[in-house]
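Written out below as structure tokens is the structure these notes cover.
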Amino acid sequence: MFSRRTATRVAATLAGAALLGVSLAACSTSGSSGGASTIRLMAGGNDPVATKFANDLAAGFHKANPSITVKVDTRPGGTDGDNLIKTKLSTGTMDDVFLYNSGSLFQALHPDSQLQPLTDESWVKDLTKDFKAAVSTDKGTYGAPWGTTFDGGVMYNKKVYADLGLSVPKTWDEFISNSEKIKAAGKTPVLVSYGDTWTSQLFVLADFANVSAQDPNWADDYTANKSSAKYSKEPALAGFTHTQEIFDKGLMNKDYASLTNVNALKALATGEGVQYPMITTVIGNVVQSNPDQVNDIGYFAMPTESGDPHATVWESNGAYIPKSTTGDKLTAAKKLIAFLNTPAGCDIQNGTGVPAGPFAISTCKVPDDAPALVADELKYQEDNKTGLALEFISPIKGPNLEKILIQVGSGISQAPAGAALYDNDVKAQAQQLGLKGW
């Protein structure tokens, strides 16, 4: 299933080749290299973006707190990085602060027994409800955000929409009507890029906030294997049927099997293609390939049958403190966590990459020169029309969703059969996790 890790890979690709995972000293004081004046920070990876952010954060924090040195360590991405973090936590050797995922991967760290609670820190009141849910258990809140959120839905060419007199659709029928008008104008209504297989999942994954809005208990029931919460049943079936309908009605590009995400974004920016089911984190690619057109691209949430769409949000990553950090080091680590979302910390975050959505905390603001679609995303947040992506509230992630949806989206199989196949696909993984009811 798609996860923020895919977005991290995208960011790393945009930044260049990965760096070696070495320990880096960000700055030093004139005194001791050990003791309470020195803490360690584990970066969110070893790619250029993750490394630069961690080192800029350490340097900025040291400037504001000259008595505290922050030394930066990097780690591998992916499963190797996950395993390293789990090992360090279980052996009490974790850095004093570490940067990691929020949501289900955070929950897999057993936060109640392995992380320091941050529930009473002053900045917690400034978190969005969605992010707080993604770094909390029933016993406390454990993480602060770093980096922006991003949304799943439809990226669209606002200039073409204006030229054709189209309005942002709220219902699925309106989306189809817009698509047919775009086709009549000689442009590609819906860009499909199965050349990068992960992109096949967006009609399903980006619709999850709408599923939650209709049935707030769906994720819990899905995790518990209740018969009512299946992709082969409404409301979750809609994402599969929408994937099929775009193919059946000929509303997608003919080279859908080979088109890549990068080239689809170029087509969207130039107006050759007009709507693209996608995650907004890829806007950084447009900044590189088509900088003059980046603000021609907008965003809207996946339309619904009812006309009350909600934006599906992939939350910011989290910054955490392990239980092994105590005493003066804990005090210093909490200061570093708090610094993340001060004006100076926010500037460091904005300077590291291209904002792909709103921040998950009210103390940070996206810069005025952020891509235009960020303002579109923020409107859903301000209107309380958002919901978390499923991966943040359920640990179940079937491995074959993208392949199944390519079959559905290519006319090889029908939506109900594909959805039923995916319901079966998640069963083995749920059993492997030892979840009750499976």
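What's counted below: heavy atoms across the whole structure, side chains too, no hydrogens, waters or symmetry copies.
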Practice task
Count the heavy atoms of every other residue, nucleotide or ligand shown that sit under 6.0 Å from NZ of K335, and state whether that count exceeds 12.
Solution key: no

So, [X] and [Y]: side-chain donor and acceptor under 3.5 Å apart, yes or no?
| X | Y | result |
| --- | --- | --- |
| T197 | E402 | yes |
| N178 | Y161 | yes |
| E272 | N253 | no |
| D215 | N217 | no |
| S316 | T149 | no |
| N83 | K88 | no |
| Q275 | S179 | yes |
| T386 | D130 | yes |
| N157 | D296 | no |

Nearest heavy atoms of [X] and [Y], plus distance in Å:
| X | Y | value |
| --- | --- | --- |
| V374 | P358 | CG1-N, 4.1 Å |
| M155 | I297 | CE-CG2, 3.9 Å |
| V366 | P355 | CG1-CB, 4.2 Å |

Check: [Y] and [X] side chains under 4.5 Å, non-hydrogen atoms:
| X | Y | answer |
| --- | --- | --- |
| L191 | L259 | yes |
| N263 | S193 | no |
| R40 | V97 | no |

Handout entry: D423/K427 salt bridge by N-O under 4.0 Å criterion
Key = no

Problem - salt_bridge(D308, K170) N-O dist < 4.0 Å - result: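 Judged by the 4.0 Å cut-off on N to carboxylate O distance, D308 and K170 do not form a salt bridge.
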
Practice task
Determine, step by step, whether K379 and D383 satisfy the salt bridge (Lys or Arg N to Asp or Glu O under 4.0 Å) criterion, reporting the C-alpha distance in whole Å, the side-chain angles of both residues, the deciding distance to 0.1 Å, and the verdict.
Solution key: CA-CA 6 Å; K379 187 67 165 59; D383 292 344; 2.7 Å; yes

Side chain to side chain contact (heavy atoms under 4.5 Å, CB included), paired with [X], selected from [options]:
| X | options | value |
| --- | --- | --- |
| M42 | L99, D95, D96 | D95 |
| V160 | V274, L166, T270 | V274 |
| F175 | T304, V168, I246 | I246 |

Exercise for the section: Could you label the plane-to-plane angle of the Y320 and F106 rings as parallel, tilted or perpendicular, counting under 30° as parallel and over 60° as perpendicular? Expected result: parallel

Practice task
Start with the C-alpha gap between F208 and W314, add the side-chain angles, then the distance that decides, and say whether ring-ring contact (aromatic ring centres under 6.0 Å, His included) holds.
Solution key: CA-CA 11 Å; F208 188 72; W314 275 261; 9.7 Å; no

Problem - Residue pair Y156, Y276: steps toward the ring-ring contact (aromatic ring centres under 6.0 Å, His included) verdict - result: CA-CA 6 Å; Y156 74 106; Y276 189 23; over 10 Å; no

Completion exercise
Distance col, row D73:CG vs F98:CZ, nearest 0.5 angstrom, shows 13.0 Å

Practice task
Verify the ring-centre separation between Y231 and W218: is it less than 6.0 angstrom?
Solution key: yes

